Amino acid sequence: MKTCTKCGATPVIIHRKASGQMLCKDCFIESATEKVLRNIRRNKLIERGDKVAVALSGGKDSVMVLDIVNSLHERNIIDLFAITIDEGIEGYRKHGVEIAAKNAKKLGIDHRIASFKDYFGKTLDEILHNESRQHGACTYCGVFRRWIINRVAREENATKIATGHNLDDETEAILMNYLEGNIDNLTRIGVKSEPKNDKFTVKIKPIREIPEKEVALYVIARELDVHFDECPYSKESFRGEVGRFVKELSANHPTIMYSTLKGFDKIKPAIKKEFSGKKVNMGNCIQCGEPASHELCRACLFVKSLNGE
């Protein structure tokens, strides 16, 4: 019978093929938690006195982030609250919002729910049935979600926004932007954002080095309430295709995602120096007041287009 590499206990709940390590439930939870906290310390993602806004969808990634970052809140190192976005996806989003609210309430964390409908007048479902739409679901969703999260975080005086990007997500983003030749986006991928405007709140990725499978195992081992359903629109995206490719590749090459991330982090400074391009004069959108490089921010341009203007 297999025994835990760290303590010798049984049963083992995970065999990390990349390292050969086998862990029991308690040792796995401890190992994953310490890895996230080490990432936070090493990259100075969170500092004493920060007010951290967790972008809480109710899915496994954001629930893991909330659970671990809350340990800093319980030690009175930081203040903490959660933001949940209701995009308006019939048969999918309602359950996720309920799960997010349940997790925040369980931990006694302040929680704000904001919807596309309230801020932009349309749900994502309505946007995708709009004859004037020019983009796919993920494009609209990404722009509108970022707009709302940044607005709410600033209203709540947050100093950091913690997102649930895991190792799979980061690897996919690196490959996707490289394959598309989007070097500008590559210069912005990282564990911590570098805002070009004071109205942007710094975004951090505490679980960036945790594989998706381990995130799922963590929330199950911790018996956390999680919304496991996949967004019905995600399969339509190029990211979804890249994600499936990465998972297939990882089956026979278990270290591939780690090496992709580490390799990218090493060459990023050179990419940034060579291709960061011209300095963009960031002003404020004349419509909503949010940061924008032109008269209108991208969210307001989308709204204007969807309204047929």
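On a predicted model such as this, the values are computed, not experimentally measured, just so you know.
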Using modelled atom types and a 3.5 Å cut-off, is there a donor and acceptor pairing between side-chain atoms of R16 and backbone atoms of Q21?
no
Tell me, yes or no, whether the heavy-atom count around Y92 atom OH, taken from other residues, nucleotides or ligands under 6.0 Å, exceeds 12.
yes
Quick one: do E34 and R41 make a salt bridge, cutoff under 4.0 Å?
yes
Stepwise side-chain contact (heavy atoms from CB on, under 4.5 Å) test for R133 and F302:
CA-CA 8 Å; R133 81 172 176 98; F302 280 177; over 6 Å; no
With a 3.5 Å distance limit and no angle check, can you tell me whether K268 reaches the backbone of I189 through a side-chain donor-acceptor pair?
yes
Sub-3.5 Å donor-acceptor pair from the side chain of S62 to the main-chain atoms of S57, do we have one?
yes
Has the side chain of S293 got a donor or acceptor atom that lies under 3.5 Å from a matching backbone atom of M282?
no
With a 6.0 Å cut-off (strictly less than), is the heavy-atom count around NZ of K213, excluding the residue itself, greater than 12?
no
Say whether, by atom type as modelled, one donor and one acceptor occur between the side chain of K199 and the main chain of N150 under 3.5 angstrom.
no
Test salt bridge (charged side-chain N to carboxylate O under 4.0 Å, His left out), reference E194, set K203, K272, R188, output is K272
Walk me through it: do E74 and N70 pass the test side-chain hydrogen bond (donor to acceptor under 3.5 Å, both in side chains)?
CA-CA 6 Å; E74 289 178 335; N70 183 58; 3.2 Å; yes
May I ask you to check whether over 12 heavy atoms, not counting those of K102, lie within 6.0 Å of atom NZ?
no
Selection residues 146-157 - residue pairs positive for salt bridge (Lys or Arg N to Asp or Glu O under 4.0 Å), sequence neighbours left out:
R112-E155, R112-E156, R151-E290, R154-E290
For H15, I'd like to know if atom NE2 has over 12 heavy atoms of other residues, nucleotides or ligands within 6.0 Å.
yes
Donor-acceptor check, side chain of S259 to backbone of I256, threshold 3.5 angstrom: yes or no?
yes
Closest non-hydrogen atoms of M22 and V12, given as atom of the first, atom of the second and distance, are CB-CG1, 3.8 Å
Are any side-chain N or O atoms of S250 and backbone N or O atoms of H253, one a donor and one an acceptor, separated by less than 3.5 Å?
no
I'd like to know if the side chain of R38 and the backbone of T33 have a donor-acceptor N/O pair within less than 3.5 Å.
no
When every non-hydrogen atom of I207 is compared with those of G164, the smallest separation belongs to CD1-O, 3.7 Å
Heavy-atom count around K17 NZ within 6.0 Å, excluding the residue itself: above 12?
no
Check whether any side-chain N or O of D50 sits under 3.5 Å from a backbone N or O of E47 as a donor-acceptor pair, and report yes or no.
yes
I would like to know whether I89 and T123 meet side-chain contact (heavy atoms from CB on, under 4.5 Å); could you show each step before the answer?
CA-CA 7 Å; I89 303 173; T123 65; over 6 Å; no
All heavy atoms of S71 vs all of L37, minimum pair found to be OG-CD2, 4.3 Å
For F116, what residues pass the ring-ring contact (aromatic ring centres under 6.0 Å, His included) criterion, not counting sequence neighbours?
F144
Is a salt bridge present between K35 and E30, judged by a nitrogen-to-oxygen distance below 4.0 Å?
no
Taking atom NZ as the centre, does K94 end up with more than 12 heavy-atom neighbours from other residues, nucleotides or ligands that are less than 6.0 angstrom away?
no
Regarding K51 and the six-membered ring of F81, is the cationic atom NZ or CZ under 6.0 Å from the ring centre and inside 45° of its axis?
yes
Return yes when atom CZ of F228 has more than 12 non-hydrogen atoms of other residues, nucleotides or ligands closer than 6.0 Å, and no otherwise.
yes
Out of the candidates F200, Y140, Y119, only one should pair with W147 under the ring pair (Phe, Tyr, Trp, His ring centres under 6.0 Å) rule; please name it.
Y119
Please test T159 against T201 for side-chain contact (heavy atoms from CB on, under 4.5 Å), starting from the C-alpha separation and ending with a verdict.
CA-CA 6 Å; T159 55; T201 303; 5.8 Å; no
Backbone N or O of K205 within a donor-acceptor pair of the N39 side chain at under 3.5 Å?
yes
Considering all heavy atoms of both residues, which atom of T3 and which atom of G8 are nearest to each other, and what is their separation?
CB-O, 3.5 Å
Tell me, with the steps shown, if D225 and N103 meet side-chain hydrogen bond (donor to acceptor under 3.5 Å, both in side chains).
CA-CA 7 Å; D225 289 308; N103 276 282; 5.4 Å; no
Let's go through I149 and R145 carefully: what are the C-alpha distance in whole Å and the side-chain angles of both, what is the deciding distance for side-chain contact (heavy atoms from CB on, under 4.5 Å) to 0.1 Å, and is it a yes or a no?
CA-CA 6 Å; I149 289 173; R145 279 175 58 85; 4.3 Å; yes
